[in-house]
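Read the structure below first, then the notes.
Predicted model, so just to flag it, every value in this text is computed and none were measured. Every chain is numbered from 1 and lettered A, B, ... according to where its sequence line falls, protein lines coming before strand lines.
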2 protein chains.
Amino acid sequence: MQEATCPQERIAMLDTFEALGGKWKLPILRYLSNRPDEQNTFKKMQRELGAISAKVLTQELKELETNQLITRTVLPTKPVMVAYQVTQHGLTVIPLTDQIVQWGLNHRTELR
Amino acid sequence: MQEATCPQERIAMLDTFEALGGKWKLPILRYLSNRPDEQNTFKKMQRELGAISAKVLTQELKELETNQLITRTVLPTKPVMVAYQVTQHGLTVIPLTDQIVQWGLNHRTELR
DNA sequence: GTAAGCGGTAACCGAAAGGAAACTATGGGA
DNA sequence: TCCCATAGTTTCCTTTCGGTTACCGCTTAC
């Protein structure tokens, strides 16, 4: 009897969703990859990303850092600032998000 | 001042998640795309996909049909059977899922 | 008649996700 | 002294997601 679904594929997909799942991780990675040379501080990101709360932003940034997709740097400024940057590994997500965007555009035209 | 995030990209991503989101839609599409010539009936899929409940399977299939990613055919058998097939449009999801699988594999090796 | 297989539907539940508001600690300026 | 800004943390709340169980109508086999 044939295998229902290839288990290692399922596991790989689950790995991806675990690292990139959640409402804001992909937007955050796209945001940071568009601003590789700026001081992407917490408050600046919160202002510019849209309607994300501090709690969720903290959470998503932590998980991205755990998965080595971004780095966190504390700056020696007077009110301490923290800057986030996308890593080399984090940049590998961009082609994937590009394809997600492309599929969404195509899907919309497909439905008329 | 620069745009925080390109709004049309965000919308396209949300479109994709709306059509493909949920625990089982991608596995179902991969399952069906691997069996284009079989009678993929409800019960057979439920048995072979793993731990999916009838309620959720019904739900996911409905949404996939709404988005024209699969077709639903009632067969003229004595106990009525229903067969599902992936559409041409549904097949366009496969390259995307391939990349999701690939990224998951790569991510695992990246973390050692 | 009764049980089994088909393709569902309806009611209920618990867990998780995400958002709002208040709060922390630090330091600078009026 | 009070207020502002930084970067969070904590508590509470609502919504959503997926799963369990029971049930329906239909047909065939025992």
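Distances from the side chain of A:R72 to the nucleotides D:dG8, C:dG7, D:dT27 place D:dG8 closest. Listed candidates were D:dG8, D:dT11, C:dC6. Nearest to the side chain of A:K55 is D:dT11. Proximity note for A:K78 (side chain, C-beta onward) versus C:dG27, D:dT9, D:dA7: the nearest is C:dG27. Comparing D:dT20, D:dT9, D:dA7 by their closest approach to the side chain of A:A54 singles out D:dT9. With distances taken from any side-chain atom of B:V82 to the nucleotides D:dA7, D:dT20, C:dG7, the minimum falls on C:dG7. Among the nucleotides C:dG7, D:dT6, D:dG18, the one closest to any side-chain atom of B:F42 is C:dG7. Side-chain atoms of B:T41 lie closest to C:dG7 of the nucleotides D:dT6, C:dG7, D:dG8. Of all nucleotides listed (C:dC6, D:dT9, D:dA7), D:dA7 comes nearest to the side chain of A:M81.
Taking five base pairs at each end of the helix from C:dG1-D:dC30 to C:dA30-D:dT1 and finding the rotation axis that steps the C1' atoms of four pairs onto the next four gives two axes whose angle is 30°, to the nearest 10°.
One atom, CH2 of B:W24, and another, C1' of D:dG18, lie 10 Å apart when rounded to the nearest Å. We find that CG of B:L75 is positioned 16 Å from P of D:dT27, with the value rounded to whole Å. Separating the CD atom of A:Q46 from the P atom of C:dA21 is a distance of 13 Å, rounded to the nearest angstrom. Distance, B:E63 CD to D:dC17 P: 8 Å, rounded to whole Å. When the C1' atom of D:dG18 is taken as reference, atom CD of B:E60 falls 9 Å away, rounded to whole Å.
For a distance-only test at 3.5 Å, the side chain of A:K23 fails to qualify as a donor-acceptor partner of the base of C:dG18.
Only one option out of B:D15, B:T16, B:T92 pairs with A:W103 in a side chain to side chain donor-acceptor pair (under 3.5 Å); it is B:T92.
B:F17 and B:V56 fall within the same hydrophobic cluster, defined by Ile, Leu, Val, Met, Phe, Trp and Tyr side-chain heavy atoms under 4.5 Å apart, directly or through other members.
Using a 4.5 Å heavy-atom cutoff, the side chains of B:L57 and B:I28 are in contact. Looking only at side-chain heavy atoms (C-beta outward), A:P27 and B:M13 come within less than 4.5 Å of each other. Taking 4.5 Å as the limit, some side-chain heavy atom of B:R30 sits within range of a side-chain heavy atom of B:D98. Between A:L61 and A:R72, the closest side-chain pair of non-hydrogen atoms is not below 4.5 Å.
Backbone-only engagement by A:K62 is indicated by non-hydrogen atom pairs under 4.0 Å involving sugar-phosphate atoms exclusively.
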